[in-house]
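This report concerns only the one structure given below.
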Amino acid sequence: MPGPRVRIAPSPTGYFHVGTARTALFNWLYARQHAGSFILRIEDTDRARNVAEHTEGIQRSLRWLGLDWDEGPWFQSERTDLYADAVAKLVSADAVYACDCTPEQVAARARQRGGPPGYDGHCRDRRLEPGPGRILRFRVPDGGVTAFYDLVRGEVSSPNGAIEDFGVRKSNGEPLFILANAVDDADMAISHVIRGEDHVPNTPKYLLLWDALGYGEHPSFAHLPLLLSESRQKLSKRRDKVAVEDYRDEGYLPEALRNYLALLGWSPGRDREILTLDEMVAEFRLEDVKSAGAIFDERKMQSVNAEYLRALDPSLFVDRAQSWLRARWEPVGPLVQERARTLGEVFSMVDFLFLSHPTIDAEDWARGVRRQPAFAAILDAAAEAYTDVDWHAEALKSATAAAGERAGVPQLAKAQAPVRLAVTGRSVGPPLFESLQQLGRQRTIERIRAGRRRLDPATPKGPQPGA
RNA sequence: GGCCCCAUCGUCUAGUGGCCUAGGACAUCACCCUCUCAAGGUGGAGGCACGGGUUCGAAUCCCGUUGGGGCUGCCA
């Protein structure tokens, strides 16, 4: 008697997101509760947008959160034969047709109609031969309604007339999300599709495809409420700070993050909030998940984390803090080792990695500013250069050298000084580029900007003399 | 614009027709404790979006309005 089969299907196009983590958690809870299988599938069909580093990040984040998977990771990029077979089936059933309209043409016609954007079915009856340069589109029925039952939302339906002829295979032959997604769910015998609410509009298309491919009984669906930013918009990788690993680096405990995430859209009831994983597994009910979006509130998450921290056995707390501290400076350890005369000196060499704002040594700073007329120009150039450089020591070195040249200071030794002062607060310390690599892009650039502001004549605070 | 979804304190939520004078947590304010800060304790302020129904009775059911969100890609 096999249990349910669920999956988390992230795409490696960005850092692993707290929203994805919440979806993964709910899938995982469901699988564990029903002795089912939790499957990891990497949706990397869009080769142009994939970043290998993110594939690693997905797995690291999942493991860190304790969400172990039973199968996978499967990579869609390695399953292209499956999609090709499905496409062949769709073609021979005349469920899809080839279309050679460019996106520009589609948009232009939509503008001309003055109607809504979207594809107008232009090539529906042109009977073009499928092939390179031609996208394959699904022939959506003109009439009728596609409906499904959602474990969270109840009955959901939409008229087929509102669904345009969506693409299933790109003109370069790559499968599109909706196709790969449905084919894989069928192939992997997924019984419950538990995913974000943003996929609700995809579900009718998925079902149309599913039926056209003759896959039989539909999986069950549960669309989870979206995690929102403070502005009530869907949490976005671009706008918001959302990477799970950022929170790890800030010192959140995985069990605390997990607990907080569980509370978004679900509640164990009876006024309880802190609960163990076992309790969650025992009590979680998809049917009890709310359907309204939830704002991701970092302050609340902090208080949950604080509660977990306090509950730790003191010696365990020291251990946990220790390993966090250690992870922060360990990468520059060997570099510090060469320079420290006593262990006591280690601290002042790495303190900048821990402080939210570096302690600026007033004398070093004043001397640095005095000696380098292009101080400000170098900081500006560096901040700009660091914005989209590969965040590795070697690349940072070239970027800094280039920034120096742009500021009229071709010697790296001189060009690095203002950056070092702004970022570490001192004129001496471990090698700069490895230090920056460890500090991270965001904090580095923030500090350079702060250094830049420090250079500007102080803005008068109190009443102006004589005013 | 079209389609879809949603609606309890600022935020996360409890609530599934009478137990609701709507409970808890975060945040916030006051006080207590206290060498500081936390933690803890006590108390305060703060919400059922609005309008119609249904019902003896509605935060809970129905309809509408308003508001918010998602989707509308040869992204996933």
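Here is the naming used below: chain letters follow the sequence lines, and residue numbers restart at 1 for every chain.
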Q. Which nucleotide in the list B:C5, B:G10, B:C12 gets nearest to the side chain of A:Arg299?
A. B:G10
Q: Specify the residue among A:Ser158 and A:Pro225 whose closest nucleotide of RNA chain B lies further upstream toward the 5′ end.
A: A:Ser158
**Q.** Spacing between A:Phe284 atom CZ and B:U13 atom P, to the nearest angstrom
**A.** 13 Å
List every contact pair, protein side and nucleotides 58-69 of chain B side both N or O, where the distance is under 3.5 Å.
{"residue": "B:G69", "atom": "OP1", "partner": "A:Gln233", "partner atom": "NE2", "Å": "2.8"}

**Q.** Distance in angstrom units between A:Leu257 CG and B:C26 C1', rounded
**A.** 16 Å
Considering only distance and modelled atom types, tabulate donor-acceptor pairs under 3.5 Å from the side chains of residues 165-173 of chain A, sequence neighbours left out.
{"residue": "A:Asp165", "atom": "OD1", "partner": "A:Arg124", "partner atom": "NH2", "Å": "3.3"}
{"residue": "A:Asp165", "atom": "OD1", "partner": "A:Val140", "partner atom": "N", "Å": "3.0"}
{"residue": "A:Asp165", "atom": "OD2", "partner": "A:Tyr97", "partner atom": "OH", "Å": "2.7"}
{"residue": "A:Asp165", "atom": "OD2", "partner": "A:Arg124", "partner atom": "NE", "Å": "2.8"}
{"residue": "A:Lys170", "atom": "NZ", "partner": "A:Asp46", "partner atom": "OD1", "Å": "3.2"}
{"residue": "A:Lys170", "atom": "NZ", "partner": "A:Glu174", "partner atom": "OE1", "Å": "3.1"}
{"residue": "A:Asn172", "atom": "OD1", "partner": "A:Glu174", "partner atom": "N", "Å": "2.9"}

Q | Side-chain (A:Arg153) to main-chain (A:His223) donor-acceptor, under 3.5 angstrom | A | yes
Q: Between protein and nucleotides 29-37 of chain B, map the contacts as a letter string: B base, S sugar-phosphate only, - none, heavy atoms under 4.0 Å, written 5' to 3'.
A: ---------
**Q.** Rounded distance (Å) that lies between atom C1' of B:A14 and atom CZ of A:Arg285
**A.** 17 Å
Q. Which base sits across from B:A30 as a Watson-Crick or G-U pair, both distances under 3.5 Å?
A. B:U42
Q.
Rounded to whole Å, how long is the line connecting atom CD of A:Glu273 with atom P of B:C26?
A. 7 Å
Q. Is a donor on one side and an acceptor on the other found under 3.5 Å between the side chain of A:Arg441 and the backbone of A:Tyr386?
A. yes
Q.
Between A:Phe26 and A:His192 (judged by ring centroids, cut-off 6.0 Å), do the two rings come close enough to count as a pair?
A. no
(Q) Strictly by Watson-Crick or wobble contacts shorter than 3.5 Å, is anything paired with B:C74, and which nucleotide is it? (A) none
Review item, nucleotides 18-23 of chain B N/O atoms under 3.5 Å of protein N/O:
{"residue": "B:G23", "atom": "O2'", "partner": "A:Asp271", "partner atom": "OD2", "Å": "3.4"}
{"residue": "B:G23", "atom": "N2", "partner": "A:Asp271", "partner atom": "OD1", "Å": "3.2"}

**Q.** Pairing partner of B:U66 (Watson-Crick or G-U wobble, both distances under 3.5 Å)
**A.** B:A7
**Q.** Pair listing, salt bridge (Lys or Arg N to Asp or Glu O under 4.0 Å) test, anchored in residues 221-231 of chain A, at least two apart
**A.** none
**Q.** Atom-pair distance (CG on A:Asn259; C1' on B:C12), nearest Å
**A.** 12 Å
Q.
Near RNA chain B, counting only heavy atoms under 4.0 Å, which residues of residues 145-154 of chain A show up?
A. A:Arg153
(Q) Let's test this: given Watson-Crick or G-U wobble pairing with both distances under 3.5 Å, identify the partner of B:U55. (A) none
Q.
Taking the C1' atom in each of B:A22 and B:C5, what is the distance between them to the nearest angstrom?
A. 26 Å
Q | Euclidean distance for C1', B:U13 against B:U8 (whole angstrom) | A | 9 Å
Atom pairs, N/O to N/O, protein against nucleotides 39-43 of chain B, distance under 3.5 Å?
none

Q: Report the base-pairing partner of B:U60 (Watson-Crick or G-U wobble, both distances below 3.5 angstrom), or none.
A: none
(Q) Pairing donors with acceptors under 3.5 angstrom, does anything connect the side chains of A:Asp313 and A:Ser315? (A) yes
Q: Return yes when atom CZ of A:Phe354 has more than 12 non-hydrogen atoms of other residues, nucleotides or ligands closer than 6.0 Å, and no otherwise.
A: yes
Output a table of nitrogen or oxygen pairs between the protein and nucleotides 73-76 of chain B separated by less than 3.5 Å.
{"residue": "B:C74", "atom": "O2", "partner": "A:Ser171", "partner atom": "N", "Å": "2.9"}
{"residue": "B:C74", "atom": "O2", "partner": "A:Ser171", "partner atom": "OG", "Å": "2.7"}
{"residue": "B:C74", "atom": "N3", "partner": "A:Ser171", "partner atom": "OG", "Å": "2.8"}
{"residue": "B:C74", "atom": "N4", "partner": "A:Cys101", "partner atom": "O", "Å": "3.0"}
{"residue": "B:C75", "atom": "OP2", "partner": "A:Lys170", "partner atom": "NZ", "Å": "2.8"}
{"residue": "B:C75", "atom": "O2'", "partner": "A:Asp46", "partner atom": "OD2", "Å": "3.3"}
{"residue": "B:C75", "atom": "O2'", "partner": "A:Arg49", "partner atom": "NE", "Å": "2.8"}
{"residue": "B:C75", "atom": "O2'", "partner": "A:Arg49", "partner atom": "NH2", "Å": "2.7"}
{"residue": "B:C75", "atom": "O2", "partner": "A:Arg49", "partner atom": "NH2", "Å": "3.3"}
{"residue": "B:A76", "atom": "OP1", "partner": "A:Thr45", "partner atom": "OG1", "Å": "2.7"}
{"residue": "B:A76", "atom": "OP1", "partner": "A:Asp46", "partner atom": "N", "Å": "3.4"}
{"residue": "B:A76", "atom": "OP2", "partner": "A:Phe177", "partner atom": "N", "Å": "3.0"}
{"residue": "B:A76", "atom": "O3'", "partner": "A:Glu43", "partner atom": "O", "Å": "3.3"}
{"residue": "B:A76", "atom": "O3'", "partner": "A:Glu43", "partner atom": "OE1", "Å": "3.3"}
{"residue": "B:A76", "atom": "N6", "partner": "A:Asn202", "partner atom": "OD1", "Å": "3.4"}
{"residue": "B:A76", "atom": "N6", "partner": "A:Asn202", "partner atom": "ND2", "Å": "3.4"}
{"residue": "B:A76", "atom": "N1", "partner": "A:Asn202", "partner atom": "ND2", "Å": "3.3"}

Q: Between B:C26 and B:G68, how far apart are the C1' atoms? Round to whole Å, please.
A: 23 Å
Q. A:Leu275 has an atom CG; how far is it from atom C1' of B:A25, in whole Å?
A. 13 Å
(Q) Rounded to whole Å, how long is the line connecting atom CH2 of A:Trp266 with atom C1' of B:A14? (A) 13 Å
Q: Sticking with atom P, work out how far B:A7 lies from B:C48, rounded to a whole angstrom.
A: 16 Å
**Q.** Residue A:Leu264, side-chain heavy atoms: nucleotide from B:A14, B:C26, B:C12 that is nearest
**A.** B:C12
**Q.** Residue matched to B:C37 through Watson-Crick or wobble contacts both under 3.5 angstrom
**A.** none
Q | More than 12 heavy atoms of other groups within 6.0 Å of A:Trp74 CH2 | A | no
Q. Which residues pass the side-chain contact (heavy atoms from CB on, under 4.5 Å) test with A:Leu309, sequence neighbours left out?
A. A:Leu253, A:Asn305, A:Leu312, A:Phe317
Q.
Classify A:Gly161 by what it touches in the nucleic acid, base, sugar-phosphate, or nothing, heavy-atom distance under 4.0 Å.
A. nothing
Q: Please tell me which of the listed nucleotides, B:C12, B:C26, B:C4, lies nearest to the side chain of A:Val156?
A: B:C4
Q.
Let's test this: given Watson-Crick or G-U wobble pairing with both distances under 3.5 Å, identify the partner of B:U21.
A. none
Q. What residues, two or more places apart in sequence or in another chain, satisfy side-chain hydrogen bond (donor to acceptor under 3.5 Å, both in side chains) together with A:His357?
A. none
Q) Got a sec, which pairs hit salt bridge (Lys or Arg N to Asp or Glu O under 4.0 Å) with one end in residues 351-361 of chain A, sequence neighbours left out? A) A:Asp351-A:Arg426
Q. Rounded to the Å, how far apart are A:Ile295 CD1 and B:C6 P?
A. 18 Å
Q | Euclidean distance for P, B:A14 against B:C75 (whole angstrom) | A | 39 Å
Q) Under 4.0 angstrom, heavy atoms only, what part of the nucleic acid is A:Pro204 near: base, sugar-phosphate, or nothing? A) nothing
Q.
For the backbone of A:Arg134 and the side chain of A:Asp100, can you confirm whether one donor and one acceptor N or O come within less than 3.5 Å of each other?
A. no
Q: Please check if the distance between the ring centroids of A:Tyr206 and A:Phe148 is under 6.0 Å.
A: no
Q) Among all residues two or more places apart in sequence or in another chain, which pass the side-chain hydrogen bond (donor to acceptor under 3.5 Å, both in side chains) test with A:Arg328? A) none
Q) With rounding to whole Å, what would you report as the distance between B:U34 and B:C20 at their P atoms? A) 37 Å
